[in-house]
Enquirer: 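Before we start, here is the structure in question, set down as structure tokens.
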Amino acid sequence: MSKLDQLYMLEAIKEAQKAFYADEVPVGAVIVYNGKIIARAHNQMKLLKDPTAHAEMIAITQAASWLKSERLINTIMFVTIEPCAMCAGAMVLARINKIVYGAADPKTGSFGSVFDINKLKLNHRISVTRNICADECASLLKEFFRKKRSKYGEVA
């Protein structure tokens, strides 16, 4: 794991913590361009009443605005969990160069866990780095869902 990957992932984790404290599923993302963070986001589905308000989608919108382009060429997305199919598809359409993610998602992960979007016959492939700060990313999610289960009387 490179020091830069770890540094940027820690920024994504800060975003995930914001979601955690807002009672949103704790996922955070940052997008980096030429060594600079140009977008920061966390899940806001409940706040915005929008099923597409995933951290990755919000970060893509911010980065496109910053770059003044629908193409996020030469950008890297750092996200705390492996993206779902919707977010992976948006990343392909945006032409994000690379994704670095923390924890794998065995339920909806689209970069190898459930399926691999890069194996489809699409017009863009995304370079992938996995398991950066994976334990920290996974523990935040586990704590969130443990609290949810105990709140609703289920055994944690």
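Remember, predicted model here, so these are calculated numbers, not experimental data. Sequential numbering from 1 along the given sequence is applied to the chain's residues.
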Enquirer: Report the distance from atom CD1 of Ile126 to atom OG of Ser110, rounding to the nearest 0.5 Å.
Expert: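 Nearest 0.5 Å value for the CD1-OG distance: 10.5 Å.
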Enquirer: Are Leu7 and Met77 in one and the same hydrophobic cluster, where Ile, Leu, Val, Met, Phe, Trp and Tyr link if side-chain heavy atoms are under 4.5 Å apart?
Expert: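 No, Leu7 and Met77 fall in different hydrophobic clusters.
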Enquirer: Please report the interatomic distance CD(Gln62) to CD1(Ile60), rounded to the nearest 0.5 Å.
Expert: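 Rounded to the nearest 0.5 Å, the CD-CD1 separation comes out at 11.0 Å.
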Enquirer: Write down the atom of Ala59, the atom of Ala29, and the distance for their closest heavy-atom approach.
Expert: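 Where Ala59 meets Ala29 most closely, the heavy atoms are CB-CB, 4.3 Å.
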Enquirer: Might you point out which heavy atoms bring Ile117 and Gly89 nearest each other, and give the distance in Å?
Expert: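 Taking every non-hydrogen atom into account, CD1-N, 3.6 Å.
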Enquirer: Would you compute the distance between atom CD1 of Ile81 and atom NE2 of His54 and round it to the nearest 0.5 angstrom?
Expert: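 If we round to the nearest 0.5 Å, Ile81:CD1 and His54:NE2 are 10.5 Å apart.
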Enquirer: If two hydrophobic side chains count as joined below 4.5 Å and joins carry through other members, does Met9 share a cluster with Val32?
Expert: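 Yes, Met9 and Val32 fall within the same hydrophobic cluster.
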Enquirer: Kindly compute the distance separating CD (Glu143) from NZ (Lys147), expressed to the nearest 0.5 Å.
Expert: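 Between Glu143 CD and Lys147 NZ, I get 5.0 Å after rounding to 0.5 Å.
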Enquirer: When you measure from the side chain of Thr80 to the backbone N and O of Gly28, does any donor-acceptor pair fall under 3.5 Å?
Expert: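 Yes, Thr80 side chain to Gly28 backbone: donor-acceptor pair under 3.5 Å.
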Enquirer: Is it true that a side-chain atom of Glu82 and a backbone atom of Gly112 form a donor plus acceptor pair closer than 3.5 Å?
Expert: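 Indeed, once roles are kept as given, a pair shorter than 3.5 Å links the two residues.
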Enquirer: First locate atom CG of Leu140, then atom CG of Asp135, and finally report the distance between them rounded to the nearest 0.5 Å.
Expert: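 Here the interatomic distance stands at 12.5 Å.
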Enquirer: Ignoring hydrogens and angles, tell me if any N or O in the side chain of Ser65 forms a donor-acceptor pair with the backbone of Thr61 under 3.5 Å.
Expert: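 Answer holds: no.
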Enquirer: Leu120 and Arg125: which non-hydrogen atoms are nearest, and at how many Å?
Expert: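 Where Leu120 meets Arg125 most closely, the heavy atoms are O-NH2, 3.2 Å.
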Enquirer: If hydrophobic clusters are built from ILVMFWY residues whose side chains come within less than 4.5 Å, do Val79 and Leu72 share one?
Expert: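 Yes: a chain of side-chain contacts under 4.5 Å links Val79 to Leu72.
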Enquirer: In a table with atom names and distances, give each donor-acceptor pair under 3.5 Å that connects a side chain of residues 37-47 to protein atoms at least two apart or in another chain.
Expert:
unit_1 : atom_1 : unit_2 : atom_2 : d
Arg40  : NH1    : Glu11  : OE1    : 2.8
Arg40  : NH2    : Glu11  : OE1    : 3.3
His42  : ND1    : Glu15  : OE1    : 3.0
Asn43  : OD1    : Ala55  : N      : 2.8
Asn43  : ND2    : Val25  : O      : 3.2
Lys46  : NZ     : Asp23  : O      : 3.3
Lys46  : NZ     : Asp23  : OD2    : 2.9

Enquirer: Check side-chain contact (heavy atoms from CB on, under 4.5 Å) between Arg95 and all other residues, then give those that pass, not counting sequence neighbours.
Expert: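 Scan of Arg95 (side-chain contact (heavy atoms from CB on, under 4.5 Å), adjacent residues dropped) gives Arg71, Ile73, Asn123, His124.
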Enquirer: I need the Thr75 OG1 to Leu67 CG distance, nearest 0.5 Å.
Expert: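 So the gap between those two atoms works out to 7.0 Å.
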Enquirer: Would Tyr21 and Phe145 show up in the same hydrophobic cluster when neighbours are defined by side-chain heavy atoms closer than 4.5 Å?
Expert: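 Same cluster: Tyr21 reaches Phe145 through Ile, Leu, Val, Met, Phe, Trp or Tyr contacts under 4.5 Å.
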Enquirer: Please identify each residue that fulfils side-chain contact (heavy atoms from CB on, under 4.5 Å) with Thr52, with sequence neighbours left out.
Expert: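 Applying side-chain contact (heavy atoms from CB on, under 4.5 Å) to Thr52 gives Asp50, Met86.
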Enquirer: Is there a side-chain contact between Pro26 and Gln17 (heavy atoms, below 4.5 Å)?
Expert: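 They are not in contact (no side-chain heavy atoms under 4.5 Å apart), so the answer is no.
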Enquirer: Is the number of heavy atoms from other residues, nucleotides or ligands within 6.0 Å of CZ (Phe144) greater than 12?
Expert: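 Above 12, so yes.
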Enquirer: With sequence neighbours excluded, what pairs up with Thr108 under the side-chain hydrogen bond (donor to acceptor under 3.5 Å, both in side chains) test?
Expert: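 Expected list: Asp105.
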Enquirer: Should Val27 and Leu48 be regarded as members of a common hydrophobic cluster, given that ILVMFWY residues are connected when their side-chain heavy atoms come within less than 4.5 Å of each other, either directly or indirectly?
Expert: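 Different clusters.
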Enquirer: Not counting sequence neighbours, which residues clear side-chain contact (heavy atoms from CB on, under 4.5 Å) with Val128? List them please.
Expert: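 Residues passing side-chain contact (heavy atoms from CB on, under 4.5 Å) with Val128: Ile99, Tyr101, Phe111, Asn118, Arg130.
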Enquirer: Does anything in residues 56-88 pair up under ring pair (Phe, Tyr, Trp, His ring centres under 6.0 Å), and if so which pairs, sequence neighbours excluded?
Expert: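 Listed once each, the pairs are Tyr8-Phe78.
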